[in-house]
Amino acid sequence: MTLSRMTPAALMAALVAFPVAAADPGKMLAQACAGCHGQSGEGLGSVPDIRGYDRAFFAEVWQDFREDRRPATIMNRIARGYTEDEVAALADYFARAE
Amino acid sequence: MTHLTRRAFGTLLGASAATLAAPGLLRAQSAGRLVIIGGGFGGASAARFARIHYPDVGVTLVEPQSSFVTCPYGNLILGGKRRLGDITHSYDGLRARGAEVIHDRATDIDPEAHRVTLAGGAVLEYDKLIVSPGIGLRWDAIEGYDDAAAEVFPHAWIGGDGSQISTLRAQLEAMPEGGVVALSIPENPFRCPPGPYERISMIAHYLKQANPTAKILAFDSKEGFAKQGLFQDAWAELYGDMIEWVPASGDGRIERVDPANKLFISEFGEEHRVDVGNVIPPQYAASIVRDTGLANESGWVPVDPHSFAAAAARDIHVIGDATIAPPMPKSGYVANSTAKTAVAAALAEVTGRPAWDAPVYFNTCYSHAGEEYGISVVAVFRPTEDGFEAVPDSGGLSPRGPLAEQARNRRLEARHADAWYDSIVKDMFS
Ligand SMILES: Cc1cc2nc3c(=O)[nH]c(=O)nc-3n(C[C@H](O)[C@H](O)[C@H](O)COP(=O)(O)OP(=O)(O)OC[C@H]3O[C@@H](n4cnc5c(N)ncnc54)[C@H](O)[C@@H]3O)c2cc1C
């Protein structure tokens, strides 16, 4: 059942019953980051902790990675793969992650 | 949880909003049953993700092995940098999250009745089925290479119970001074495109210390390979002339093996005597998806790029190495990444919660080429109408350059690779 195929009532009900939508884009996008930064961005070994990252600073750091202005072994290559909307969703997600 | 209850929920969705808005009721009524075949990179990731984000859905994971030996970091056992215990993982974490883990082999799937039959005779009913069984080896592809031959010339390309990688390591340790290690490497597509070349590197890393006059002959059925420039730079810098890579055009295709006489025989009939032989045979999807008609004539499974739904049956999603998903590689990271999209897509119908409408898939493959010498390839992928594409101008390889300039990068990437391993394993089993 996709969102668009649900009746408004059913949609409301689903949202009431399950306030955390699994398909929240920020959360789904962040799944890819979990493979290195840990499940909630807590970091591991040499990979930095990115929980509670300031939202505005995240966007700035991302842009710096994209343009090779920030030292990186890998984030420069990763940063170029995401759209503006996706970066905003990731910034929101990690700003809230604890 | 049965088929029937799933239909009951469908009916419920049509009922009044007032009934539905009672969360307890909805939760109780909506709980469906997700069955997952295969507890490896795709299956374990799917089980964990489903238990965390869809606690109202019951999860049953079917996996014959009582613990999981990862292929990633197996090459580091050959290099003497890890032991089998370091790459063996328990299913207790998934059990603690409420997944039912059954150690048995699925032998049949009935997509009409929504049933999976296990070798032990049990029958499981599902609302949605996720299948991530990995690869099968094409035993018929290299003449003389069968189950018994694999005891002499291990493949070590399926984790299994860990005996294949342990045998290969023991053979390297026992090899006479100045001996020859030979590898046979298949054509595309196969599991883990950079894997054979990381393996060559890790064998060289070990031999450089333990048996420095030994030789490595890498017979390849291809003309080129993943991260080729980076690997060949590393081999020249670290191992001198220990490694010889033989492409298909240089008679690199091995067509027959003779384990009794320790021979690799090439396409043009050249006989190579080897002391240790590692045969990585051509592959197809594991038998459960070939025997049940989910795979097509290529031996791999066609899927919907947005949901990983199998093309051949409803309510079944296939992920991981078994699928046809180029240009995405057959990697653990891709299996992990696509598992989550598949779970969200599969459970959307069961729970009424939306699937991910614009999925993004992700891959990184780190390889160890030597001591504190890591290299990587990265890509971000998106589904297209009938396949997948890498996002243009993103991803790519670690920078090339002389070791003197790149030493810091290589050292950092080796450490990040270790962090990746620990992190992804947690994302599967913790
Ligand atoms: C040497 C080597 C190095 C690698 N390094 C990396 C790396 O650094 N990074 C990376 O991302 N990837 C790496 N890979 C690739 C990675 O191992 C695979 O891509 C990944 O395991 C695929 O996941 P999967 O779920 O499809 O299959 P698997 O992880 O193999 O899991 C399949 C599981 O299904 C079970 N199964 C099979 N048939 C049945 C059945 N009928 N019933 C029940 N269970 C069944 C199997 O026992 C197995 O446990 C490497 C591979 C190799 C060989």
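Below, chain A is the first sequence line, B the second, and so on; all start at residue 1.
A:Met28 places none of its side-chain heavy atoms less than 4.5 Å from the side chain of A:Asp24. By the 4.5 Å heavy-atom criterion applied to side chains, B:Ile130 and B:Val343 are counted as neighbours. At a threshold of 4.5 Å between non-hydrogen side-chain atoms, the residues B:Tyr73 and B:Lys81 do not count as touching. Within the 4.5 Å cutoff, side-chain heavy atoms of A:Tyr53 are placed close to those of A:Val61. By the 4.5 Å heavy-atom criterion applied to side chains, B:Asp427 and B:Asn336 are counted as neighbours.
In this structure, the portions of B:Lys340 lying under 4.5 Å from any heavy atom of chain A include both its backbone and its side chain. For a residue to count as touching a neighbouring chain, one of its non-hydrogen atoms must lie under 4.5 Å from one of that chain's; by this rule B:Arg410 does not touch chain A. Contacts of B:Ser430 with chain A are absent, with no heavy-atom separation under 4.5 Å from either backbone or side chain. With a 4.5 Å cut-off on non-hydrogen atoms, B:Ile52 touches chain A through its side chain but not through its backbone. Heavy atoms of B:Asp418 lying under 4.5 Å from chain A are absent altogether.
Your options are B:Trp356, B:Tyr333, B:Phe362, and the one with the most heavy-atom pairs under 4.5 Å with chain A is B:Trp356.
Using modelled atom types, one finds a donor on one side chain and an acceptor on the other under 3.5 Å when comparing B:Tyr421 with B:Thr70. Side-chain contact check for B:Asn363 and B:Ser331: at least one donor-acceptor pair (N or O, by modelled atom type) lies under 3.5 Å.
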Output a table of donor-acceptor pairs, distance under 3.5 Å, between side-chain atoms of residues 372-382 of chain B and any protein atom two or more places apart or on a different chain; print 'none' if there are none.
| from | atom 1 | to | atom 2 | distance (Å) |
| --- | --- | --- | --- | --- |
| B:Glu372 | OE2 | B:Arg415 | NH2 | 3.3 |
| B:Tyr373 | OH | B:Glu237 | OE1 | 3.0 |
| B:Ser376 | OG | A:Arg77 | NH1 | 3.2 |
| B:Ser376 | OG | A:Arg77 | NH2 | 2.9 |
| B:Ser376 | OG | B:Ser398 | OG | 3.2 |
| B:Ser376 | OG | B:Glu413 | OE1 | 3.4 |
| B:Ser376 | OG | B:Glu413 | OE2 | 2.8 |
| B:Arg382 | NH1 | A:Glu86 | OE2 | 2.7 |
| B:Arg382 | NH2 | A:Gly81 | O | 3.0 |
| B:Arg382 | NH2 | A:Glu86 | OE1 | 2.8 |
| B:Arg382 | NH2 | A:Glu86 | OE2 | 3.4 |

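Ring centroid separation for the pair B:Tyr126 and B:His114 comes in under the 6.0 Å cut-off.
For residues 35-44 of chain A, heavy-atom neighbours of chain B at less than 4.5 Å comprise A:Gly35, A:Cys36, A:His37, A:Gly38, A:Gln39, A:Leu44, sorted by residue number. Near-neighbour residues of residues 91-98 of chain A relative to chain B, defined by a heavy atom under 4.5 Å from a heavy atom of that chain, are none.
Here B:Ala346 pairs with B:Lys128, B:His317 under the side chain to side chain contact (heavy atoms under 4.5 Å, CB included) rule; sequence neighbours left out.
A:Phe65 carries A:Arg70 over the face of its six-membered ring, with the cationic atom under 6.0 Å from the centre and within 45° of the normal.
Closest of all the heavy-atom pairs between B:Pro72 and B:Phe41 is CG-CZ, 3.6 Å.
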